[in-house]
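Sequence positions, counted from 1, serve as the residue numbers for this chain.
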Amino acid sequence: MRVAFAIMSFIICIISTSVHAVCQTWPKGMVFVGLTDAGWNTYVVTKSSSPPVKVNLNTEARTPVFSATQKSLIYIDEAGQLSRYSLATQKTVVLLKPSAEASYAQPEFDEANNSVYVVELKQGKSVDTDIIKLVLTLSKSKPKHGPVIIQRSAQFEPHHTNDWLYYSNVHCVVGCGKIIQEIWRYHITSGLAEQVTLLNSISRQPSTDQQHNWLYFSSNAAGHYHIYRQALNDKNTTTIEQLTQGTVTDMSPVMYQGQLFFIRQSAQQAQLMCRDNSGQVHAMTLPTGIKDLRDLEIN
């Protein structure tokens, strides 16, 4: 009996250790912005299982995305320019410059088609935005760009996966007593868009797990911002799960091989969290000196 109990305890210990070990592995392609005494810096995981390294951009990057295959970062710099930085050559190329007619935010990289989706703020204002697409070229000519999502109101946070472009749409600001923001998706081939979430709250920062057909997002439907997931094949939008709880703010969900990474803000600290496939949540060990976090992505 004692032998059987010992064997069972050993197996449980191995399973628990392996699950936790999974969430200690840094995924290749992860990028985030961390605040240190020197200011906001961009960190990238360039190799699987290797810790994040700081990239010397000489600017404060906003919403950077990383291309592991091209070894380059695409981001909005302090001047509001859409820029691309090559880790190989350590050179920066400006893709779009802001003007009186438009400014830019929240780029999303489509590696398969060598394109970038980016939010265009008309006259620099967030009340009316489109999502445009830039087709990058190998030559020195300027990238071609044009509108993709031109719905009324404002669209933000494009997330590309396979044939779909997910984004958040602001439904109501005035006259509804609160801001209502829902997740939509646009079918790139057919050109048709459809609403995905219906929580009558702020639902934003869409991310997908195509292997298991889930949409992940952050929402304040229960008061505090927490991470939710919704089955993408559920047309009745009934299969919705709240994955995190507590008096905290959970934002920027991204999936990687069954693990959910997100940023958790509490009154005491900011943490980069990992939820394993058993539902356990662990805090990742960040590089020394990071006091705050934002803009988590995995491409």
Interatomic spacing from [atom1] in [X] to [atom2] in [Y] - rounded to 0.5 Å:
X	Y	atom1	atom2	answer
N299	D110	CG	CG	9.0 Å
I298	M255	CD1	CE	9.0 Å
Y166	E108	OH	CD	12.5 Å
D77	S83	CG	OG	4.0 Å
F66	S72	CZ	OG	7.0 Å

Do D276 and S278 get their side chains close enough for a donor-acceptor pair, meaning under 3.5 Å?
yes

inquiry  = Quick one about T244 and D250 (side-chain donor to acceptor, distance below 3.5 Å, no hydrogens or angles considered), yes or no?
reply    = yes

Compile the donor-acceptor pairs under 3.5 Å between side chains in residues 37-51 and protein atoms, sequence neighbours left out, one pair per line.
{"from": "D37", "atom 1": "OD1", "to": "K291", "atom 2": "NZ", "distance (Å)": "2.2"}
{"from": "N41", "atom 1": "ND2", "to": "T36", "atom 2": "OG1", "distance (Å)": "3.1"}
{"from": "N41", "atom 1": "ND2", "to": "G39", "atom 2": "O", "distance (Å)": "3.2"}

Note to self: I'd like to know whether N200 forms a side-chain contact (heavy atoms from CB on, under 4.5 Å) with H171, so could you lay out the CA-CA distance, the side-chain angles of the two residues, the decisive distance to 0.1 Å, and finally the verdict.
What the structure shows: CA-CA 9 Å; N200 198 38; H171 285 219; over 6 Å; no

Margin query: Closer than 3.5 angstrom, by distance alone: can the side chain of T197 be matched with the main-chain N or O of L199 as a donor-acceptor pair?
Written below: no

Please check this pair: side chain of S266 against backbone of Q269, looking for a donor-acceptor N/O pair closer than 3.5 Å. yes

Could you check whether any side-chain heavy atom of [X] comes within less than 4.5 Å of a side-chain heavy atom of [Y], counting everything from C-beta outward?
X	Y	answer
C23	Q259	yes
F32	L286	yes
Q181	V170	yes

Residues at least two apart in sequence or cross-chain that pass ring-ring contact (aromatic ring centres under 6.0 Å, His included) with F261, listed by chain then number, are none

### Query
With the threshold set at 4.0 Å, does a side-chain nitrogen-carboxylate oxygen contact exist between E120 and K125?
no

Q) If you measure from the Lys or Arg side-chain nitrogens to the Asp or Glu carboxylate oxygens, is any gap between D130 and K122 under 4.0 Å? A) yes

Result for side chain to side chain donor-acceptor pair (under 3.5 Å) between S168 and one of Q106, E157, Q155, Q205 points to E157

